[in-house]
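A short write-up of the structure that comes next.
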Amino acid sequence: MSGMIPSVILALDVEDKNRARSVLQATGDRLEWVKIGLQTYLRDGPDFVREVADSGKKVFLDLKLHDIPNTMCKAMESLASLPIGMLTLHACAGPQALNKCTEVANELMPDTLLLAVTVLTSMDEEALSAIGVNVSPQDQVDRLANLATESGIGGIVCSPLELTRLRPVLPKNVKLVTPGIRPTGTAAGDQKRIMTPADARAAGADYLVVGRPILAHEDPLAALEAIQTELSHPPND
Ligand code: C5P
């Protein structure tokens, strides 16, 4: 197998800061990236983002911004002083918003990779149709991923099963970030479209977002290391 080894991003979806701190301590230097989502950001705020960054981690702030272009840009200006390595926004905010956000990021957050969310994996064809989008989820993902990358967005969040579709058609420098990762033998939980770390690597992922397989493990460091070992020595290599 060739290609880069994807980095693991820990989705820090935990009940409070103390639990977050103990997981970060347990995983230590083996963990490079941490995803902070709406639940944690709204509860613990920018100070917690700084705390995580000060502990040596890179922060993926998963706020999924979606508003009129001016408001999205102002929101990004409010975030610009934070140490954020990745930030999500919704591709369906449209080309003007995506272009303007790219400009703001280039100017104020040059070290932050903007990631576009295409179709939420909770949306199926019926749900898309209910909001007036009468195409398959796959076609909508393709459309929005192309729109986002043409607008200068540097990465796409996608389900593992979309990797094989998107990787060949998107520019090589566009990063693909995928949740829904389940090492063999771990519980799927509510995730339906899942892939093992090795398969996600083979399909072209650049970053794997992993939450419960690490968080719910009695030894989070061992769980992280097992994933990293699988990534660097895939079973079919
Ligand atoms: O615990 P688990 O590994 O399923 O966590 C996956 C993380 O990725 C969670 O933070 C979840 O909100 C996020 N996510 C997802 N599916 C998407 C987009 C984001 O599971 N389509």
Side-chain angles (χ1 to χ4, degrees), residues 6-16 19-20 23-24 26-27 31 33-44 48-49 52 57-66 84-92 113-125 127-128 137-138 140-142 144-145 148 153 155-166 175-201 203 205-218 220 222-228 230-231:
S7 296
V8 174
I9 303 174
L10 174 63
L12 202 57
D13 303 327
V14 291
E15 60 277 11
D16 59 43
R19 168 84 175 119
V23 174
L24 292 181
T27 45
L31 180 69
W33 280 94
V34 171
K35 181 170 89 76
I36 295 179
L38 272 175
Q39 176 191 357
T40 300
Y41 187 73
L42 295 177
R43 185 187 61 216
D44 300 329
F48 187 63
V49 172
V52 172
K57 307 301 175 204
K58 295 179 180 165
V59 176
F60 169 2
L61 192 59
D62 189 16
L63 298 185
K64 298 190 178 69
L65 303 178
H66 184 191
I84 308 169
M86 296 182 191
L87 175 69
T88 43
L89 34 78
H90 272 285
C92 58
L113 176 67
L114 286 189
L115 300 173
V117 175
T118 58
V119 179
L120 292 171
T121 45
S122 52
M123 300 286 281
D124 58 11
E125 189 147 1
L128 282 182
Q138 290 77 14
Q140 185 69 352
V141 167
D142 291 356
L144 290 173
I153 301 292
I156 302 290
V157 182
C158 63
S159 98
L161 303 189
E162 287 155 4
L163 287 168
T164 39
R165 256 175 101 85
L166 291 178
K175 304 295 183 199
L176 295 181
V177 180
T178 185
I181 298 300
R182 289 295 178 267
T184 312
T186 58
D190 56 0
Q191 295 279 15
K192 296 201 168 56
R193 300 156 77 202
I194 56 176
M195 223 182 232
T196 65
D199 286 347
R201 176 187 170 185
D206 296 291
Y207 295 89
L208 308 183
V209 177
V210 185
R212 287 162 289 181
I214 294 173
L215 297 172
H217 198 283
E218 57 182 13
L224 171 65
E225 286 178 335
I227 294 169
Q228 290 171 331
E230 178 176 336
L231 286 169

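Counting starts at 1 for both ligands and their atoms, in listed order. In what follows, residues are counted from 1 in the order of the sequence shown.
If you check which protein heavy atom lies closest to atom 6 (C) of ligand 1, you get Gln191 NE2, 3.8 Å. Closest protein heavy atom to atom 21 (N) of ligand 1: Thr121 OG1, 2.6 Å. Here the heavy atom of the protein found nearest to atom 18 (C) of ligand 1 is Pro179 CG, 3.7 Å.
The shortest side-chain heavy-atom distance between Asp142 and Thr118 does not fall under the 4.5 Å cut-off.
Note: Ile181 CD1 to Arg212 CZ = 12.5 Å, rounded to the nearest 0.5 Å. Once rounded to the nearest 0.5 Å, the distance linking CD1 of Ile9 with CG of Asp62 reads 9.5 Å.
Of all the atoms in ligand 1, the ones that sit under 4.0 Å from a non-hydrogen atom of Asp13 are 9 (C), 10 (O). Taking every heavy atom of Val209 and a limit of under 4.0 angstrom, the matching atoms of ligand 1 come to 7 (C), 8 (O). If you number the atoms of ligand 1 from 1 as listed, the ones under 4.0 Å from a heavy atom of Ala11 come out as 7 (C), 10 (O). Remark: ligand 1 atoms within the under-4.0 Å shell around heavy atoms of Arg212 are 1 (O), 2 (P), 3 (O), 4 (O). Near Arg182, with a cut-off below 4.0 Å to any heavy atom, the atoms of ligand 1 are 1 (O), 2 (P), 3 (O), 4 (O). Annotation for ligand 1: atoms under 4.0 Å from non-hydrogen atoms of Lys35 are 8 (O), 10 (O), 13 (C).
Between the Thr88 side chain and the Leu115 main chain, no donor and acceptor come within less than 3.5 Å of each other. Side-chain atoms of Thr186 do not come within 3.5 Å of backbone N or O of Arg182 as any donor-acceptor pair.
At least one heavy atom of Pro213 sits less than 4.0 Å from an atom of ligand 1.
Shortest non-hydrogen contact noted between Ile156 and Ala148 is CD1-CB, 4.0 Å. Nearest heavy atom pair, residue Leu224 against residue Ile214, reads CD1-CD1, 3.9 Å.
Considering both main-chain and side-chain atoms, Gly211 comes within under 3.5 Å of ligand 1 through a nitrogen or oxygen pair.
Ring-plane geometry between His90 and His66 is classed as tilted, the angle between the planes lying from 30 to 60 degrees on a 0 to 90 degree scale.
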